[in-house]
Amino acid sequence: MKIKSATSMLAAVLAFAGSWAPAFAANVKVTPLGGQEGEFCPQDRALIFEDPNGTRILYDPGRTVAGANDPRLGRIDIILVSHMHGDHVGNAHNKAPNSGSCEAPDVSVSALPTSSTVEIALAKKAKIVTGSEMPPFFANKLKANGGDPKNSVLARFGASVRIGGVAIATVPASHSNGLDPDYIGGELGAKMKEAGIAGYVGEATGFVLTFSNGLVAYLSGDTGMIAEQDTVVRGHYVARLAVINIGDTFTTGPTEAAYVINALVKPVSVIPSHANEVATKGGKILPGTRTDAFVKAVKVPAHIPLSGRTMEFDGGGTCVAGC
């Protein structure tokens, strides 16, 4: 009887320990790839999300990822592009991590007519996930450069795709989404440029990601305030982590972004993005900046995306490391 009791007790202890093990390991890692190590700078857009199962997602490569050979990238399985503006898809980029300065970002290397997104996808054999009318553009660019056009994947509003154990859905974003004629080239591109018009690639998008640990993250892309942030992002998907642009003029400013977080999305945590300013010095928020105003106005913890500093979020949206 004593042996049986001891065995039962050991089994119970192991079961209890096993039930706790995933809680320590099952976090989503978020790593900003900005212009300057440890800072939040004007051109910073790119984030890497790593699922607990190892799937790695690059969101809006922009101009601060130093091309496909940027050593900070590592393996990339999926690239998300919210819209086709150069500071998100990557029409140019820095020549190396930390080149230039926070005040004067280095964007000296052209990525036209392909884009940093396509170059990284080709080098990493990654899938590009977009919505609206963007997938055919990326499919043709991949094919023209020796890649597989099937690696351009559509996720249109109201549906989702699952890649590497992560569910990816697109949601509306209120923003323009013209394709620069320099990506088109030739006589057509020249005529469009002369006329001052861009190619039609559908509406800009945001994303909702559902990770294997249960975390639901809303990536706003460039957007203004929209009702879907309440009815769709919060009401249907129940996002617990939000990444929201705060740059003003072209997107929500700090006051508007704080309203989106406080009254519409209501996440557990938020990461400000797209500040269009020198937001930090020595890793500390500069007083009087838009970033400073946003952090003071928002009612949930705001975690500043300092380049190269990895943050970890549990399934409920709480930052448990690196914040």
Same cluster for [X] and [Y] if Ile/Leu/Val/Met/Phe/Trp/Tyr side chains link at under 4.5 Å?
| X | Y | answer |
| --- | --- | --- |
| Leu264 | Val232 | yes |
| Val265 | Ile246 | yes |
| Val216 | Ile261 | yes |
| Val243 | Phe40 | no |
| Ile48 | Val89 | yes |

Query raised in the report: side-chain contact (heavy atoms from CB on, under 4.5 Å) between Leu80 and Ile78: does it pass, once the steps are laid out?
Result: CA-CA 7 Å; Leu80 306 178; Ile78 302 163; 3.9 Å; yes

Are the side chains of [Y] and [X] in contact, using a 4.5 Å heavy-atom criterion?
| X | Y | answer |
| --- | --- | --- |
| Ile128 | Val153 | no |
| Tyr183 | Leu112 | yes |
| Asn94 | Pro105 | no |
| Val295 | Ile304 | yes |
| Asn262 | Val298 | yes |
| Leu73 | Leu58 | yes |
| Leu209 | Leu219 | yes |
| Ile163 | Thr55 | no |

Query raised in the report: Going through the checks in order, is the side-chain contact (heavy atoms from CB on, under 4.5 Å) test met by Lys125 and Ile76?
Result: CA-CA 8 Å; Lys125 295 181 172 56; Ile76 297 295; over 6 Å; no

Look at [X] together with [Y] and state whether they make a salt bridge at an N to O cut-off of under 4.0 Å.
| X | Y | result |
| --- | --- | --- |
| Asp148 | Lys150 | no |
| Asp77 | Arg75 | yes |
| Glu133 | Arg156 | yes |

State, to 0.1 Å, how close [X] and [Y] come at their nearest heavy-atom pair, and which atoms those are.
| X | Y | value |
| --- | --- | --- |
| Phe294 | Pro254 | CD1-O, 3.6 Å |
| Ser116 | Ala92 | OG-O, 4.4 Å |
| Val300 | Pro267 | CG1-O, 3.3 Å |
| His83 | Val81 | O-CG1, 3.2 Å |
| Glu39 | Cys102 | CB-SG, 4.4 Å |
| Asn177 | Val201 | O-CG2, 2.9 Å |

Got a donor-acceptor contact below 3.5 angstrom from the [X] side chain to the [Y] backbone?
| X | Y | result |
| --- | --- | --- |
| Ser152 | Pro149 | no |
| Arg72 | Gly34 | yes |
| Lys193 | Ala198 | no |
| His175 | Glu203 | no |
| Thr310 | Thr31 | no |
| Thr223 | Ala173 | no |
| Ser82 | Gly206 | no |
| Asp44 | Gly35 | yes |

**Report entry** Residue Asn53 excluded, over 12 heavy atoms near CG under 6.0 Å
**Finding:** yes

Report task. Check the surroundings of atom NZ in Lys29: do more than 12 heavy atoms from other residues, nucleotides or ligands lie under 6.0 Å from it? Result ->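 No, not enclosed.
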
Query raised in the report: How far apart are the C-alpha atoms of Thr130 and Leu154, what are their side-chain angles, what is the distance that settles it, and do they pass the side-chain contact (heavy atoms from CB on, under 4.5 Å) test?
Result: CA-CA 6 Å; Thr130 53; Leu154 171 67; over 6 Å; no

Consider only side-chain N and O atoms of [X] and [Y], and report whether a donor and an acceptor are under 3.5 Å apart.
| X | Y | answer |
| --- | --- | --- |
| Gln36 | Ser307 | no |
| Ser212 | Asp51 | yes |
| Asn276 | Arg290 | no |
| Thr170 | Thr205 | no |
| Thr291 | Glu277 | yes |
| Asn151 | Lys127 | yes |
| His88 | Asp60 | yes |

To the closest 0.5 Å, what do you measure between [atom1] ([X]) and [atom2] ([Y])?
| X | Y | atom1 | atom2 | answer |
| --- | --- | --- | --- | --- |
| Ser174 | Glu228 | OG | CD | 9.0 Å |
| Gln229 | Tyr218 | CD | OH | 4.0 Å |
| Tyr59 | Leu33 | OH | CG | 13.5 Å |
| Ile226 | Ser220 | CD1 | OG | 9.0 Å |
| Ile197 | Met192 | CD1 | CE | 5.0 Å |
| Asp314 | Asn213 | CG | CG | 7.5 Å |

Query raised in the report: Hey, mind stepping through Ile271 and Met311 against side-chain contact (heavy atoms from CB on, under 4.5 Å) and telling me if it holds?
Result: CA-CA 10 Å; Ile271 298 172; Met311 299 174 278; 3.9 Å; yes

Query raised in the report: When you look at Asp222 and His85, which way does the side chain to side chain donor-acceptor pair (under 3.5 Å) test go after all the steps?
Result: CA-CA 10 Å; Asp222 280 7; His85 290 168; 4.9 Å; no

Query raised in the report: Do His303 and Phe313 pass the ring-ring contact (aromatic ring centres under 6.0 Å, His included) test, and can you show the C-alpha distance, the side-chain angles, and the key distance before you say yes or no?
Result: CA-CA 11 Å; His303 305 295; Phe313 294 86; 5.7 Å; yes

